[in-house]
Amino acid sequence: MSFLSETLSRVKPSPTIAMTAKAAELKAAGRDVIGLSAGEPDFDTPQNIKDAAVAAIAAGKTKYTAPDGIAELKQAVCAKMKRDHGLDYTPAQVSVGTGGKQTLYNALMATLNDGDEVVIPAPYWVSYPDMVLLAGGTPVIAETSLQTNFKLTADQLEAAITPNTKWFIFNSPSNPTGAGYSREELKALTDVLLRHPHVWVMTDDMYEHLAYDGFEFCTPAQVEPQLYDRTLTCNGVSKAYAMTGWRIGYAAGPEKLIAAMRKVQSQSTSNPCSVSQWAAVEALNGTQDFLAPNNEMFVRRRDLVVSMLNEIDGISCPTPEGAFYVYPSIAGLIGKTTPAGKVIETDEDFATALLEEADVAVVFGAAFGLSPNFRVSYATSDAALEEACRRIQTFCAALA
Ligand SMILES: Cc1ncc(COP(=O)(O)O)c(C=O)c1O
C-alpha cells in the first residue's frame with residue numbers, strides 16, 4: 001500500500017515557484033541573476049490598505065470569522081460587482097477565500113466527480129490542470145495559437161466540449177500570455193456556451209485592473225446575462241493591489257454553489273485571515289487612484305520588453321492587452337546550439353540554458369501547456385528589464 005495518495009501522484013509542483021526558487025538559489029550563491037519568473041507586482045501594498053490592517057489589529061479583529069468571509073467584505077464584493085460590471089449579487093452569493101487560488105480550488109472540490117471534464121484553454125495558468133486533478137476531475141486542454149494572440153476561438157471551444165464537460169475555465173487578461181478578450185471575442189465564446197446548458201463558467205478575473213491601451217475589460221456574466229445562473233466570477237486583491245502575501249480572493253455565483261464552497265472551506269482553512277479581510281475591504285472600497293499610474297508604468301515596461309524581444313532573430317512576441325506577462329515564441333531558435341554546447345530542443349532547454357549561461361530566469365512554455373515559448377514577467381524595474389533583455393539578445397545572437 002502506498003503511503004502517499006494516488007491523487008497526489010497525478011499532480012506536479014508549481015513550475016513557476018520551482019523556477020523562482022532555482023533563481024534565488026543561484027543568487028544566494030553569488031550569481032547576478034535577474035528574475036523574470038515571479039508572478040507578483042514589484043511595488044508595495046498601498047498605505048491606506050496597510051493602515052486598515054493595523055487598525056483592525058488595534059481593534060481586536062483578530063479572531064475566527066465566518067468561514068467564507070466577514071459581512072463587510074462580502075458587501076464590498078457585491079458593491080464592486082455592481083460598480084464595475086453592473087452585476088447584482090447578495091452577500092449569500094459571495095465566497096471569500098485564502099487567495100484567488102483557494103477560491104478556485106474550493107469551487108472545483110465542491111463540484112467535481114469522477115469523469116467530470118474541465119475545459120482549460122492553453123496556455124493556461126499552471127495551477128488549473130493540477131487543481132482539477134486534485135479535485136478528482138479530468139482537465140481537457142484546448143490549445144490556442146500565436147496566430148490568434150493565444151485567444152481561444154469559438155470553434156476550438158465547441159470542439160473541446162463533451163457531454164461530460166462540467167466547467168469551462170476562462171482567464172482574461174491571461175497568465176501567462178497577457179491576452180485580454182474583447183467584448184466581441186468573449187461573446188463568441190459565450191454564444192457557444194449558450195448552446196451547451198450543462199457547462200458552467202469559472203472565470204478568473206484576477207488581472208481585471210491590469211489592462212492597457214484603453215482595453216475594455218469584460219466578464220462573461222456581464223457579456224451574456226443568460227449565463228449568470230451558471231457562472232462563478234472569481235477575482236482577488238493579490239495582483240492589482242500588490243497584496244500577494246495577504247492571501248485574499250473572492251468569488252460570486254449561485255447561492256447553492258457558494259454554500260457548497262463554504263462547506264469545503266469550513267473543513268480546511270476555517271476562514272481567511274481576519275486582518276487581511278479588513279485590508280481587502282479597504283482595497284475594494286477605498287481609493288483606486290494608484291491603479292492608473294501603476295498601469296502607465298506597466299505599459300512602459302511591456303513596450304520595452306516586447307520591442308527588445310522582437311529585435312531577436314527567431315523570437316516572435318505579440319503585444320498583449322493586460323496583466324504583466326509576455327509569452328514570446330522561440331520557434332525560430334529550436335535546434336540551435338548554445339555557447340556551452342547545449343542543443344535547444346525544447347523551451348525547457350532554452351530556459352535552463354538562459355539561466356545557466358546568461359543569468360536570466362524565465363519560465364518555459366511547456367509549464368503552461370503551449371510550446372515552444374517562454375513567459376516573461378515584467379513586474380520588475382525598468383533597469384532590470386532592460387539589462388535582462390540585453391542578456392537575452394546577446395545569448396540568442398551567440399546561438400549557432
Ligand atoms: C490567473 C491567476 N489566477 C489566480 C492566481 C492566484 O492568486 P492568489 O495569489 O490570490 O492565490 C494567480 C496567481 O498567480 C493567477 O495568475
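Whatever order the structure lists ligands and atoms in, that order sets their numbers, starting from 1.
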[X]-[Y] side chain donor-acceptor pair, cut-off 3.5 Å:
X      : Y      : answer
Lys151 : Tyr181 : no
Glu224 : Thr190 : no
Asp155 : Thr153 : no

Would you say [X] touches ligand 1, if touching means a heavy atom closer than 4.0 Å?
X      : answer
Tyr128 : yes
Lys239 : yes
Glu40  : no

Just wondering, do [Y] and [X] contact through their side chains at under 4.5 Å, heavy atoms?
X      : Y      : answer
Glu386 : Leu304 : yes
Ser37  : Lys22  : no
Leu284 : Leu73  : yes

Using a strict 4.0 Å cut-off to heavy atoms of [X], name the atoms of ligand 1 that fall inside it.
X      : result
Asn171 : 1 (C)
Gly99  : 10 (O), 11 (O)
Ser238 : 8 (P), 9 (O), 10 (O)

Stepwise ring pair (Phe, Tyr, Trp, His ring centres under 6.0 Å) check, Tyr212 with Phe324: CA-CA 10 Å; Tyr212 317 127; Phe324 38 67; 9.2 Å; no

Check: Gly100 N/O within less than 3.5 Å of ligand 1 N/O: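 So ligand 1 has an N or O lying under 3.5 Å from an N or O of Gly100.
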
Tyr325-ligand 1 polar pair, N/O distance under 3.5 Å: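 Tyr325 vs ligand 1: no N/O contact under 3.5 Å.
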
Could you check [atom] against the protein and tell me its nearest heavy-atom contact, residue, atom and distance included?
atom                    : result
atom 6 (C) of ligand 1  : Trp125 CH2, 3.6 Å
atom 11 (O) of ligand 1 : Arg247 NH2, 2.7 Å
atom 7 (O) of ligand 1  : Met206 CE, 3.4 Å

Ile248, Asp204, Thr103, Ile169: member with heavy atom nearest to atom 4 (C) of ligand 1: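 Of the listed residues, Asp204 has the closest heavy atom.
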
Joint cluster assignment, Leu370 & Val118, ILVMFWY side-chain distance < 4.5 Å: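 The answer is yes; both residues are in one hydrophobic cluster.
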
